[in-house]
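Working notes, structure below.
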Amino acid sequence: MSSRFLSTLTRAEFTKLLQQFNATPDESIAFSESLDRILAADLTACEDLPAGDRSCMDGYALAAADTFGAGEGNPAYLECRHCIEVNVFPNFSLQPGECAWIPTGGFLPPGADSVVMVEYTHDIGDGTIEVRRSLAPGENLMFRGEDARKGSPLLKRGTRLRVPEMGLLAALGLTQIRVHRRPRVAILSTGDEIVPVEAQPRPGEMRDVNSHAVAAMVMQAGGVVEPLGIVRDDLEALRDALERGLKNSDALLLSGGSSKGTRDHTLDAIAQLPGAQILAHGVAMAPGKPTILARVGAKPILGLPGQVGSAQIVMLVLGQPLVRHLAGDGRAFDESRRSLRRALLTRNVPSSQGREDYLRVRLEETADGLLAHPVMGKSGLLRTLLHSDALLVISAETEGLLEGRPVDVWLI
Ligand SMILES: Nc1nc2c(c(=O)[nH]1)N[C@H]1C(S)=C(S)[C@@H](COP(=O)(O)OP(=O)(O)OC[C@H]3O[C@@H](n4cnc5c(N)ncnc54)[C@H](O)[C@@H]3O)O[C@H]1N2
Ligand code: MOO
């Protein structure tokens, strides 16, 4: 009997194929819109940040050498002649034996190399300040160029702009930035039994879960959704919908008909598109085995299994990283980015060698530590993901895991 799948790839091989697709072109956007967008060009620092040495405390700027040996019992006495304003670069130099009042964020005058916190001083009047601590040079300072040095690399192309990166852009006044355009992802569901969520299903019909779950996950990953609706199990209708969908999008995700049943036309419909190349049909993961990957011109089509639980897991493992990759994210497939927690498995779980298993687990915080309870159930049901907080990835080389074993679970 011939294989039901063209070729079953390992998950790692499948991932490599996904990485071959190019990121979307770039566009210029306002910095205020840039959260979670991906830089399309390397950025170089246009100025030093901070622009000079700045104080991180309210206190007195001074030369540390003037305080050497000072302490509670034998304070140093310094003369305070200046009061630095937070918004003015000091136009004087400190002389030996002098200090100047400095607020947090104030720029240090020449001649000073440290700041003593006001708590360790006493203003004894007459312009004399008692310092009851010995300071080290550099103490309580943020140094010129410590965040960014003019002309040096700042952020690399492919960086996702999180809040800290946005802070850096704000500090440097980079108000317009070049990012990759959000990938437009067309989504369709196939199946004669699938009806829109607004419809009252007749016996035998099912409301369309996957279009909506997949759309939400595409948006979560930074894509823009182009909904194509539901297409019946008909080769021509499916091929036309795919062709239409690809015209206005960077990628197409569809669910259903990925297996090799009599109604499963997905593979044939894709194969009939001009310029189509089927890259994979079958991946060694459970759930998710009947996943399809094709290339039409430069655009990917990812065919997800119809089962609702399988479609969501394939999206987590392959679909969302693909969308992030198309959005230009240089770390889209980097598994070290997954949020992991260590937990104790509360029952034995079987697993077949040769495929990666994605076991759904519910987490429980107890006095003995975090417990991971496997949520068993069929991948055509919603309940396994509904009742779980995390996934336990069981590698293809592992033949089951024993109760009580510490495992790293992936929070979802
Ligand atoms: N003899 C075999 N049968 C099946 C195998 C197998 O190896 N041998 N694999 C099973 C696995 S695993 C999966 S996963 C499914 C994949 O099926 P398809 O991708 O071809 O999907 P369909 O047959 O179209 O649908 C399966 C199931 O999911 C429901 N579905 C589909 N689309 C939606 C949607 N948008 N919203 C809600 N529910 C949907 C559909 O009604 C079916 O119940 O094949 C197994 N069979
Ligand atoms: O591959 Mo199916 O996706 O195991 O349920």
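All residue numbers in this chain count up from 1 along the given sequence.
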Any pair counted as side-chain hydrogen bond (donor to acceptor under 3.5 Å, both in side chains), so long as it reaches residues 105-122, sequence neighbours left out: none

Sequence neighbours excluded, every pair satisfying side-chain hydrogen bond (donor to acceptor under 3.5 Å, both in side chains) that has a member inside residues 140-150: Asp48-Arg144

Within the 4.5 Å heavy-atom criterion, are [X] and [Y] side-chain neighbours or not?
{"X": "Ile313", "Y": "Met285", "result": "yes"}
{"X": "Ile187", "Y": "Pro227", "result": "no"}
{"X": "Pro290", "Y": "Pro305", "result": "yes"}
{"X": "Val118", "Y": "Asp123", "result": "no"}
{"X": "Leu359", "Y": "Leu391", "result": "no"}
{"X": "Val131", "Y": "Pro75", "result": "no"}
{"X": "Ile129", "Y": "Cys80", "result": "yes"}

Going by atom types alone, do [X] and [Y] pair a side-chain donor with an acceptor below 3.5 Å?
{"X": "Gln220", "Y": "Gln320", "answer": "yes"}
{"X": "Gln176", "Y": "Ser28", "answer": "yes"}
{"X": "Thr398", "Y": "Ser351", "answer": "no"}
{"X": "Thr24", "Y": "Asp250", "answer": "no"}

Criterion salt bridge (Lys or Arg N to Asp or Glu O under 4.0 Å) on Arg133 and Glu139, from CA distance to verdict: CA-CA 12 Å; Arg133 263 203 71 167; Glu139 206 167 326; 3.2 Å; yes

Would you say [X]'s side chain and [Y]'s backbone share a donor-acceptor pair under 3.5 angstrom?
{"X": "Thr159", "Y": "Leu155", "answer": "no"}
{"X": "Ser388", "Y": "Arg362", "answer": "no"}
{"X": "Arg37", "Y": "Val179", "answer": "no"}
{"X": "Glu205", "Y": "Arg202", "answer": "yes"}
{"X": "Lys299", "Y": "Ser249", "answer": "yes"}

What distance do [X] atom [atom1] and [Y] atom [atom2] have between them, rounded to the nearest 0.5 Å?
{"X": "Lys156", "Y": "Leu43", "atom1": "NZ", "atom2": "CG", "value": "10.5 Å"}
{"X": "Asp26", "Y": "Arg181", "atom1": "CG", "atom2": "CZ", "value": "10.0 Å"}
{"X": "Leu188", "Y": "Leu253", "atom1": "CG", "atom2": "CG", "value": "9.0 Å"}
{"X": "Leu161", "Y": "Ser34", "atom1": "CG", "atom2": "OG", "value": "5.0 Å"}
{"X": "Leu293", "Y": "Gln20", "atom1": "CG", "atom2": "CD", "value": "9.0 Å"}
{"X": "Leu252", "Y": "Leu228", "atom1": "CG", "atom2": "CG", "value": "6.0 Å"}

Minimum heavy-atom distance between [X] and [Y], given as atom pair plus value:
{"X": "Gly288", "Y": "Val314", "value": "CA-CG2, 3.5 Å"}
{"X": "Asp389", "Y": "Leu363", "value": "OD2-N, 2.6 Å"}
{"X": "Ala61", "Y": "Leu108", "value": "CB-CD1, 4.0 Å"}
{"X": "Gly380", "Y": "Gln307", "value": "CA-OE1, 3.3 Å"}
{"X": "Val231", "Y": "Ala241", "value": "CG2-CB, 3.6 Å"}
{"X": "Leu172", "Y": "Cys46", "value": "O-SG, 3.9 Å"}

Test side chain to side chain contact (heavy atoms under 4.5 Å, CB included) applied to Pro196 - qualifying residues, sequence neighbours left out: Glu198, Ala199, Ile230

Residues forming a side chain to side chain contact (heavy atoms under 4.5 Å, CB included) with Ser339, sequence neighbours excluded: Leu411

My understanding is that only residues two or more places apart in sequence, or in another chain, count here; which of them pass side-chain hydrogen bond (donor to acceptor under 3.5 Å, both in side chains) with [X]?
{"X": "Glu243", "result": "none"}
{"X": "Thr384", "result": "Arg360"}
{"X": "Arg184", "result": "none"}

Is any side-chain N of the basic residue among [X] and [Y] closer than 4.0 Å to the acidic one's carboxylate O?
{"X": "Glu27", "Y": "Arg178", "value": "no"}
{"X": "Asp408", "Y": "Arg342", "value": "yes"}
{"X": "Glu130", "Y": "Arg132", "value": "yes"}
{"X": "Asp329", "Y": "Arg337", "value": "yes"}
{"X": "Glu403", "Y": "Arg347", "value": "no"}
{"X": "Glu165", "Y": "Arg162", "value": "yes"}

Residues forming a ring pair (Phe, Tyr, Trp, His ring centres under 6.0 Å) with Trp410, sequence neighbours excluded: none

Qualifying residues under ring pair (Phe, Tyr, Trp, His ring centres under 6.0 Å), relative to Phe92, sequence neighbours excluded: His82

All pairs passing ring pair (Phe, Tyr, Trp, His ring centres under 6.0 Å) where residues 50-71 contributes a residue, at least two apart: Tyr60-Trp101

Listed once per pair and sorted, the ring pair (Phe, Tyr, Trp, His ring centres under 6.0 Å) pairs that draw on residues 305-339, sequence neighbours left out: His325-Phe333

Neighbour count above 12 (heavy atom, 6.0 Å) for Gln353 CD: yes

Trace of the side chain to side chain contact (heavy atoms under 4.5 Å, CB included) decision for Leu304 with Asn210: CA-CA 9 Å; Leu304 308 163; Asn210 292 346; over 6 Å; no

Full working for side chain to side chain contact (heavy atoms under 4.5 Å, CB included) between Ile301 and Leu254: CA-CA 8 Å; Ile301 295 184; Leu254 78 158; 3.6 Å; yes

Under 3.5 Å, which donor-acceptor pairs link side chains of residues 366-379 to any protein atom two or more places apart or in another chain?
from   : atom 1 : to     : atom 2 : distance (Å)
Thr366 : OG1    : Asp368 : N      : 3.1
Thr366 : OG1    : Gly369 : N      : 3.3
Thr366 : OG1    : Gly369 : O      : 2.6
His373 : ND1    : Thr346 : OG1    : 3.1
His373 : NE2    : Glu364 : OE1    : 2.8
Ser379 : OG     : Ser310 : OG     : 3.3

Evaluation steps, side chain to side chain contact (heavy atoms under 4.5 Å, CB included), between Ile394 and Leu392: CA-CA 6 Å; Ile394 306 176; Leu392 170 55; 4.1 Å; yes

